[in-house]
Every structure is written in structure tokens, then in C-alpha cells.
Amino acid sequence: MDGNATAAGATAPRQRWISILARAPLERLETAWQALPAPPGFIALRRPEIGATLVRARAGGSGQRFNLGEMTVTRCTIRLESGLVGHGYVAGRQPRHAELAALFDALLQDPAWHDAIDAALIEPTAQLLAAQRQQQEAKTATSTVTFFTMVRGED
Amino acid sequence: MYVAVKGGEQAIDNAHRLLAEARRGDPAVPELTIEQIAQQLGIAVDRVMTEGSLYDRTLAALAIKQARGDITEAVFLLRAYRTTLPRLAVSEPIDTAVMTVQRRISATFKDVPGGQILGPTFDYSHRLLDFSLAAAATVDAAASPAEPASASAERTDAATATGPTPRVTDILNAEGLIEVETADDTQPVGDITRQPLTFPADRDVRLQSLTRGDEGFLLALGYSSQRGYGKSHPFAGEIRMGTVAVEIIPEELGFAIDIGDIAVTECQMINQFQGSKTQPAQFTRGYGLTFGHCERKAMAMALVDRALRAEALGEDVTAPAQDAEFVLSHCDAVEASGFVEHLKLPHYVDFQSELVTVRTLRQAFSDREIPGVPDV
């Protein structure tokens with residue numbers, strides 16, 4: 001634990017923004033970073049590192065755990081001048097994405113930054129992701145069928 | 001036995017140059033991009049990720065390009081790359097019950113809660129070559145993502161509104177009609193990439209091996225079990241494909257975070273009930289799970305998983321698909337091709353000694369003084 005986990009209260013809000021930062025399109029993060037009025041100084045505690053995450057599943061969906069395979073993942077940890085530490089973990093080989101995710105994770109823990117970044121980046125991205133998901137679900141739903149069993153002329 | 005060989009460097013370099021040339025094909029034809037492969041040969045990419053045991057669409061596409069479309073070679077390339085990666089995390093088990101479903105069908109329940117959702121499927125297509133795909137690609141692929149099938153419009157709305165799609169096996173579970181999968185998370189999870197496979201193999205390592213296993217081999221074994229080599233009367237209880245979140249708990253945070261989503265295909269086979277003096281009849285289960293959209297593989301895997309449970313379920317082990325040592329020792333395409341293809345490497349000394357032996361035996365044979373046997 002880095003001691004920051006509780007800086008923004010319970011972990012739930014932080015879990016949420018971390019999951020949104022991980023799924024955000026890179027250009028959005030880059031744009032949001034460029035748009036900061038005065039980008040804060042930071043040092044990398046752990047430079048972006050590419051590795052693997054072992055993906056687990058369960059037999060039958062709910063039973064014994066097993067290893068399905070691995071996926072690529074990139075992680076990064078930074079510390080702002082303020083001392084706040086941010087972590088970025090993103091699927092794939094995405095050094096810049098992981099770095100920006102870590103930076104925003106740290107900034108979002110800072111009450112002075114939180115609301116502005118939440119409004120400019122997190123909420124709009126959450127809406128974008130939800131819209132994409134909805135669009136996908138609507139497209140998928142067009143292929144929903146009802147099968148009718150035919151009555152056989154047996155009697 | 002092999003011996004070291006020297007020389008041939010120039011020939012090998014030239015051979016690799018020829019390979020590069022053959023890979024590229026006619027330079028007048030535009031070169032494939034990785035993005036094109038990832039986007040337009042998606043099912044090949046999914047297979048390479050599944051058997052290569054690494055979820056990374058770009059790398060799998062690169063492997064396919066480098067391997068000239070040779071899927072087993074591409075799997076080998078991806079596996080080799082995988083070994084260079086430090087393992088940074090182990091995920092929480094993915095939850096397929098809350099999958100964002102892109103396809104979901106059940107062959108056991110016509111009116112399955114959540115609906116029958118076909119998604120992008122070859123099923124019900126006519127398998128006639130579509131020459132419009134061969135024409136200069138001006139066709140707008142995204143053209144008209146169709147209107148909802150009118151007969152099912154209501155159902156469609158219901159399906160989108162209900163959120164998570166319940167698993168068919170859970171529906172059967174509610175009535176106690178199917179065996180329950182029990183989770184004991186105090187047990188360590190076997191990992192065949194870290195510890196060699198040993199027998200008897202538990203279900204965790206069996207499933208890991210089968211996921212990495214060659215689709216063709218598992219398909220043939222699954223087929224054999226259906227044709228009578230091993231007791232099997234399966235129903236495709238449910239097949240679903242879609243995306244699930246991957247969650248890890250980094251040490252430095254101490255709580256779960258999402259790192260993104262992966263696409264997976266899951267197959268739940270329901271097999272004939274068995275009963276005993278102590279247990280009422282009940283359906284049993286076989287499970288298949290792959291990265292991406294690998295439906296045939298997931299189905300074959302579920303058949304073989306069930307066949308491999310024969311002994312645990314008190315059935316006779318009589319067929320190849322039920323023999324864990326046979327199946328798991330031979331299902332890996334990289335291992336199998338390594339051993340088969342090593343035969344083309346220099347075996348000159350081996351063969352020389354065989355030659356000497358055969359010549360000696362033949363000499364001894366012809367030296368026998370048996371009338372009527374011609375000299376050789």
C-alpha cells in the first residue's frame with residue numbers, strides 16, 4: 001500500500017477512475033494532459049514496463065480455478081511533486097497509456113485537481129465507453145432470434 | 001541422435017532471403033499491414049492467441065504475417081515471445097456470467113432467458129463462395145447493420161434491458177438437475193508453463209492444456225467421442241462469445257482494478273445424466289473456454305474435457321479421448337510439430353549406423369545356406 005489509497009476516501013471512486021483510465025482511448029488522455037493549465041512535475045518511480053498478466057477463469061464458469069492463458073499488460077508508477085503516487089495498469093503494450101493513466105490516477109487523488117479532471121476526462125470518457133457498449137449491444141440484439149419448433153404431421 | 005553440423009551459413013542466409021521473398025509475394029501487390037490482419041483475419045488471430053497462450057491481437061497478427069499464414073508456426077512465434085515477458089500480475093478469475101455478450105445460443109432451451117443471440121456467425125450461411133468479396137473492395141462493409149428481426153423485436157428490447165445474461169447451466173442448477181461446479185480457492189492453481197505436466201492431472205491443468213491445445217487435434221478427439229469412442233451424449237447447453245473485464249489486485253494498491261477487457265468464447269456442454277445407488281440421475285458438464293472467437297475449439301474442448309472426466313465420474317476408460325495421458329501429452333501443436341519436424345534435421349550419423357546394421361543383417365541373411373534363397 002502506498003498510503004494514498006485512502007486519500008480520496010474509500011477505494012470505490014478510485015477503482016472506477018482507474019478502470020476508466022485503463023479503457024480510455026490514448027488520444028483522449030494525451031489531449032487531456034496537454035490541456036492541463038500547468039502540468040505538474042513528476043518522477044517515475046517505475047518507468048512503463050511491459051509484461052504479462054496470467055488470466056484465470058473457472059471450470060464451468062463458477063468452479064475450480066484454472067489458468068486460461070496470459071495477456072500483455074503495461075504498468076507504470078509515478079510520483080507527483082506533491083508526493084501523491086499514481087499507478088497505471090493497462091492491457092496491451094502501451095507505455096504512454098500506462099504513464100498517462102498513472103499521472104491522472106495521482107492527480108485525481110489531489111482534491112485541488114480532482115473535480116476538474118473528473119469533469120474534463122473521466123465523466124466524458126465514461127459516457128463514451130457506455131455509449132460504445134450500448135451501440136454494440138444494440139447491434140448484437142438485432143440478431144436475436146426466436147426459434148419455433150415445427151409441428152410434425154404425425155397424428 | 002543428432003550431431004553438430006558446421007558450414008552452410010551462406011546457404012542458410014540465402015534460404016532466409018528466399019523465405020522473405022516468398023513471404024512478400026509479388027511486390028506489385030500491396031503489402032499486408034498488421035492492422036489489416038488483426039481486423040480482417042480476426043478468427044485466425046484469435047486462434048493464434050488461444051493456442052499461443054497470449055492475448056495480444058497485434059502480436060498475434062504480426063506472428064501470422066511473419067509465418068506466412070502458417071497458424072502453428074505463428075503459435076510457436078507467440079509462445080516464444082511470451083516466455084520473454086515478466087509476469088506482472090495474476091488476474092482474479094474472469095466472470096463469464098457478466099459478459100458483454102456478442103453471441104449467445106443454447107441448443108437445449110428454445111426460449112432461454114436472455115434470448116438466442118446469433119451475433120457474427122457462419123451458421124445458417126450457405127457456404128457458397130461470395131464472389132462479391134473478390135471484387136475490388138468498394139463494398140461498404142458497415143452497410144446497414146440491419147433492422148431488428150421483426151418477429152423478435154420485443155424480445156430484442158427485453159434482451160438489451162435485462163443486463164447480464166444468466167448461464168443456462170445456472171438455470172438447470174436451480175433445479176438441481178445438473179452437477180454443481182464447486183470452487184475451492186484454497187487450492188493452488190496448477191500452471192503448466194511453470195511446472196511440467198504430471199499424471200494424474202487435475203482438472204485445472206487439464207483445462208489449461210486443452211485451451212493451449214491444437215484445435216484440429218481436439219476437434220478430432222471430440223468427434224471421436226461423439227461417434228462412440230467413449231461414452232458421450234452431449235448437448236450444447238450454451239455457447240457464448242463476448243467481452244469480459246480482467247481484474248487484478250496489485251500489491252501496491254491492495255484492491256481490485258480493471259486493466260481492460262478481453263474477448264472470450266465459452267461452451268458449456270451438458271452430457272447425459274448418470275445416476276448411482278447413492279446419487280440421483282443428474283446431467284454432467286464439460287467446459288470449453290478460449291480467447292477471442294474460437295467457437296469450434298471451445299466446443300471440441302468441452303467434449304474432450306467431459307471425456308477426460310470419465311474416471312472421476314466412475315465411467316469406464318476405453319477410448320483415446322478419455323485417456324488424459326494420451327490427450328494431454330499430444331494436444332500441444334508446438335510440442336507435436338517440434339518432434340515431428342525435427343526429423344528433417346541432420347540425422348546423418350544415426351542413419352549411417354542403421355545402414356551398417358541393415359547391410360550386416362542382409363549379408364548374414366544371404367550367407368545362410370538355404371537352397372532357393374537368392375543372393376542379394
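Each chain gets a letter, A, B and so on, in the order the sequences are listed, and its residues count up from 1.
- Residue with the most contacts toward chain B among A:L68, A:T74, A:I18: A:L68 (heavy-atom pairs, distance under 4.5 Å).
- Considering only heavy-atom pairs separated by less than 4.5 Å from chain B, the leading option among A:R56, A:Q136, A:Q64 is A:R56.
- Of the listed residues A:R16, A:E49, A:Q15, A:R93, the one with more heavy-atom pairs under 4.5 angstrom with chain B than any other is A:R93.
- Atom CG of A:L54 is separated from atom OG of B:S91 by 7.0 Å, given to the nearest 0.5 angstrom.
- If you check the side chains of B:E179 and B:T284, you find no donor sitting under 3.5 Å from an acceptor.
- Interface residue A:R65: backbone and side-chain heavy atoms are both found under 4.5 Å from chain B.
- When heavy atoms are compared at a cutoff of 4.5 Å, B:Q268 approaches chain A solely by way of its side chain, counted from C-beta outward.
- Of the two parts of B:D185, the backbone and the side chain both hold a non-hydrogen atom closer than 4.5 Å to a non-hydrogen atom of chain A.
- Contacts with chain B were tallied for A:A59, A:A57, A:G60, A:A101; A:G60 has the most, counting heavy-atom pairs under 4.5 Å.
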**Item:** Full working for salt bridge (charged side-chain N to carboxylate O under 4.0 Å, His left out) between A:R133 and B:D261
**Value:** CA-CA 12 Å; A:R133 186 180 158 145; B:D261 303 296; over 6 Å; no

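- Only the side chain of B:Y81 comes within less than 4.5 Å of a heavy atom of chain A; its backbone N, CA, C and O stay farther away.
- Only the backbone of B:T182 comes within contact range of chain A, judged by heavy atoms closer than 4.5 Å.
- Atom CG of A:L121 sits about 9.5 Å away from atom CG of A:L100, to the nearest 0.5 Å.
- When each of B:R103, B:R104, B:R285, B:R167 is paired with B:E238, the salt bridge (Lys or Arg N to Asp or Glu O under 4.0 Å) condition holds for B:R104 and for no other.
- Per-residue counts of heavy-atom pairs under 4.5 Å with chain B were compared for A:G88, A:G61, A:S19; the largest is that of A:G61.
- In this structure a side-chain-to-backbone donor-acceptor pair under 3.5 Å is present from B:S106 to B:G237.
- For the set A:L21, A:I20, A:T77, A:V55, the entry with the most heavy-atom pairs within less than 4.5 Å of chain B is A:V55.
- The line from CG of A:L103 to CG of A:L29 is 10.0 Å long, rounded to the nearest 0.5 Å.
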